[in-house]
Amino acid sequence: MEKMVNVNAETARGDAVVGVEPGGAAVNESTVNGNENGLPAPLITPTGNNAGGNAGEETIEQRLGGLFGGDETKTKENANKDARLFSTFRDLEAGEVSRYYALQQLPETVSAAHVSGDIHFHDLDYTVPGGMFNCMLVDLPFILSREDFPIGNTRVNRVRSVETATDLIPQIAAQVSVGQYGGQTYSKLDEVLEPYVMYTYRRELARALEHATMVASKMGVAGVEPLDKSVALMVATGERDRMAVGVSEKLWDMSVTEAKKRTESIVYDSMEGVEYALNTVQGNGQTPFVTISFGLSTSWAGRVVQKAILKVRINGYGAQSKTPVFPKLVYMLKEGVNMRAGDPNYDVKRLALYCASKRIYPDFQSVDNTVRDLGFNPTSMGCRSFLSYYENPETGEPVEYGRFNVGVVTLNLPRIAMQTENTSDFMCLLEARAGIVREALDWRFDRVREATASQSPIHYVTGAAGVAMSPSDKVGDLVEGGYATASMGYIGVYEAVARFYGGDWYGNREAVEFSVNIVRRLDELARSWKAESGRGYGVYGTPSESLCDRFARLDSRLFGDVENITSKGYYQNSFHVDVRKNMSPFEKWRVEAQYLPYTTGGAIDYVETETLLKNPDALESILDAAVAAGVRYFGVNQPVSQCFECDYSGEFAADVRGFYCPDCGERDEEKISVVRRVCGYLGSFADRPVVEGKRKEIVARVKHLRAGDAPDSTGGADGVSPSV
């Protein structure tokens with residue numbers, strides 16, 4: 001006999017359920033009273049049509065009606081989309097239609113699990129075309145090296161100069177953005193652009209030599225004759241001996257200095273053009289989600305690119321010097337290259353620290369930790385997705401450029417916890433739900449296989465995906481064998497563990513071990529699937545921009561207001577420490593590093609601090625501590641919001657209406673700039689507000705380092721968080 005109850009609350013320590021009322025979802029009466037181990041009883045064992053806490057799948061009329069009615073779960077789902085724009089609103093309309101029909105196409109178990117909230121099948125709004133994939137590392141080196149290649153309705157000849165190369169990046173990005181639905185990364189751009197910078201430098205050196213010899217000849221300098229253009233170019237490229245044509249060491253040095261100065265100016269202007277163009281083009285109703293990584297080249301040309309990228313970002317854009325949201329910048333850190341004073345690029349690291357304090361970006365990636373966990377050093381694709389190791393079968397070398405991720409499906413960990421009686425039962429249900437995720441990911445793989453090159457020429461014909469197919473070719477086996485990846489995501493490790501051990505569980509060794517075991521088990525499953533099929537499954541720390549709101553909202557309907565779980569109105573990203581937890585940045589790095597070996601499909605860590613603009617040494621100690629703790633990819637969130645009405649700069653206040661200047665109270669989006677980290681990327685909240693759950697999570701974040709705190713990397717704020 002089953003009794004209908006509605007669970008209202010649970011104490012922070014996971015005590016017995018408080019308060020039941022008739023009229024809720026069905027649970028087995030025998031499970032309500034706890035168990036012999038004293039662990040909390042399952043809050044609910046759902047049965048019937050309401051098993052997922054959702055009234056059921058929305059009709060197409062309900063979906064569009066909600067969008068037209070301003071439902072913020074639809075209009076603010078993506079902080080990069082401004083629903084006020086005609087182009088964006090039309091994209092949102094199409095997305096709602098796609099979601100509806102995609103749920104009809106998915107396997108029934110997957111569709112039902114998504115609708116109920118057991119899992120989340122990401123990007124349903126771009127699923128109907130079938131063959132679109134998620135995110136990628138654009139093979140820019142391959143595209144630029146081609147003698148002739150198509151972009152849109154034109155063909156491009158072999159690229160030689162840095163001006164042309166950088167002019168093409170936004171054009172490529174715009175095309176890529178409409179052929180996929182996730183982020184795109186231009187990895188190690190300093191290294192990629194080196195030959196094009198050098199071409200421009202040699203051209204400018206030839207011009208400088210022409211000018212210098214002409215001036216010297218007019219001044220009557222003995223032995224100097226004006227060089228014509230062709231001879232000057234041969235001297236600049238080393239094809240002619242400079243002394244043989246009367247170019248003295250002094251003239252040479254003067255010309256080199258002038259050529260370098262001109263080239264540096266050209267590279268700065270080129271990178272400024274990239275930043276402006278990427279923030280003005282639109283694709284899929286939004287600014288293309290572009291990431292650029294750099295920092296490893298030690299050549300003069302590579303360092304010029306690095307400095308230009310940082311200086312452009314430091315200067316901001318517009319008359320008010322606003323902080324750009326895109327492109328996302330990732331600065332690579334590597335021992336012997338830029339980590340210590342005396343390293344060849346240490347000066348650029350210090351510039352990156354200043355830039356991060358002024359603009360939040362760049363984020364940082366440890367090459368050594370990435371190679372330790374992944375076996376090679378790819379950049380994140382977009383927000384935080386990482387490729388797994390894959391070798392070129394012909395060369396045996398790891399492949400980075402051109403590879404992509406077919407999609408993400410995320411597990412609702414807090415729900416599993418609230419549906420089970422103990423940690424053993426949790427792990428059993430976890431495996432069952434993971435099986436649904438695999439079915440969903442295989443569906444993604446199969447759909448991408450069916451695509452033809454003509455459906456996205458920029459990827460498969462031009463070469464963004466590392467291949468130059470004929471338009472009629474099928475994508476087929478390109479997705480197999482690990483070249484493409486698929487991500488099993490997860491959200492809410494904190495809440496899942498709080499279900500069994502209470503809200504403040506970081507000092508409990510058993511609780512920490514259980515939390516790590518959750519992620520470890522997911523990694524074991526993904527590896528077993530890969531061994532079985534050869535496909536590139538990976539475990540992914542889901543960023544949950546709007547999902548933190550959706551899962552919590554669905555579970556609140558089902559389980560009621562559960563302290564430290566649904567009561568907050570949001571779930572924590574992936575394995576992240578509870579954002580309300582007072583903890584030093586050094587302790588947070590150490591706690592979160594425990595999960596990284598089992599989340600190789602993608603993860604990002606970050607800490608919150610007061611502005612460190614005048615204390616770069618403190619910021620550097622935080623970065624170095626992250627690397628020492630084993631963190632791969634991370635950021636430091638500092639307040640950079642601006643009020644143009646009263647000139648305030650720093651942390652903005654927030655309430656249910658949104659963010660406002662704490663000094664003068666200004667809210668007008670034309671008079672303020674509110675830039676905060678949404679999840680892995682930044683958002684401009686004055687222009688594009690986020691959903692309620694994400695807003696609550698952002699407001700709840702505590703500072704891990706405040707002005708005046710000693711940056712002591714040897715200890716934590718509470719000193720109670722054990723590792724396992």
Of all heavy-atom pairs between [X] and [Y], which one has the smallest distance, and what is that distance?
X	Y	result
Pro597	Arg632	N-NH1, 4.4 Å
Thr485	Arg403	CG2-NH2, 4.1 Å
Gly463	Asp139	O-CB, 3.5 Å
Ala173	Leu278	CB-CD2, 3.7 Å
Tyr633	Ser380	OH-OG, 3.1 Å
Cys548	Ile491	CA-CD1, 3.8 Å

Problem set entry | Pairs touching residues 172-187 that satisfy salt bridge (Lys or Arg N to Asp or Glu O under 4.0 Å), sequence neighbours left out |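 Output for this query is empty, none listed.
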
Exercise. Which residue pairs pass the salt bridge (Lys or Arg N to Asp or Glu O under 4.0 Å) test with at least one member in residues 453-463, sequence neighbours excluded?
Worked result: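 Residue pairs with at least one partner in residues 453-463: there are none.
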
Test your reading of the model: is there a side-chain donor-acceptor pair from [X] to the backbone of [Y], 3.5 Å cut-off?
X	Y	result
Arg384	Gly541	yes
Ser533	Arg535	yes
Asn412	Arg415	yes
Gln184	Val138	no

Can a side-chain donor-acceptor contact be found between [Y] and [X] if the only test is distance below 3.5 angstrom?
X	Y	result
Thr185	Ser187	no
Asp555	Tyr571	yes
Thr542	Ser574	no
Tyr389	Glu391	yes
Ser293	Thr379	yes
Asn405	Arg444	no
Glu439	Thr109	yes
Ser487	Tyr537	no
Gln572	Asp578	yes
Ser515	Tyr595	yes
Gln365	Asn377	yes

Is any side-chain heavy atom of [X] closer than 4.5 Å to a side-chain heavy atom of [Y]?
X	Y	answer
Leu430	Leu413	yes
Asp549	Tyr570	no
Leu596	Val631	yes
Val475	Val479	yes
Ile172	Val176	yes
Phe386	Thr600	no
Phe121	Leu103	no
Gln594	Val519	no

For this session: Under the ring pair (Phe, Tyr, Trp, His ring centres under 6.0 Å) rule, what do His576 and Tyr606 come out as? Steps first, then yes or no, please.
Result: CA-CA 9 Å; His576 285 183; Tyr606 50 78; 5.2 Å; yes

Exercise. Under the ring pair (Phe, Tyr, Trp, His ring centres under 6.0 Å) criterion, do Trp505 and Phe500 qualify, and how do the steps go?
Worked result: CA-CA 9 Å; Trp505 54 262; Phe500 300 107; over 10 Å; no

Rounded to the nearest 0.5 Å, what's the gap from [atom1] on [X] to [atom2] on [Y]? Could you check?
X	Y	atom1	atom2	result
Tyr501	Asn564	OH	CG	16.0 Å
Met488	Thr599	CE	OG1	10.0 Å
Tyr598	Glu524	OH	CD	8.5 Å
Asn369	Asp373	CG	CG	7.0 Å
Thr423	Glu513	OG1	CD	10.0 Å

Centroid-to-centroid, [X] to [Y], below 6.0 Å?
X	Y	result
Phe289	Phe326	yes
Phe404	His459	no
Phe575	Tyr494	no
Phe514	Phe426	yes

Problem set entry | Pi-cation contact, Trp529 with Arg527 (under 6.0 Å, within 45°) |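 Output no; distance or angle outside limits.
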
Any salt bridge between [X] and [Y], counting N to O under 4.0 Å?
X	Y	result
Arg438	Glu532	yes
Glu495	Lys568	yes
Arg701	Glu697	yes
Arg449	Asp477	yes
Glu450	Lys474	no

Exercise. Salt bridge (charged side-chain N to carboxylate O under 4.0 Å, His left out) with Arg433: which residues, sequence neighbours excluded?
Worked result: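 Partners of Arg433 under the salt bridge (charged side-chain N to carboxylate O under 4.0 Å, His left out) test: Asp118.
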
Problem set entry | Stepwise salt bridge (Lys or Arg N to Asp or Glu O under 4.0 Å) test for Glu592 and Lys588 | CA-CA 6 Å; Glu592 294 186 349; Lys588 189 172 189 287; 2.8 Å; yes

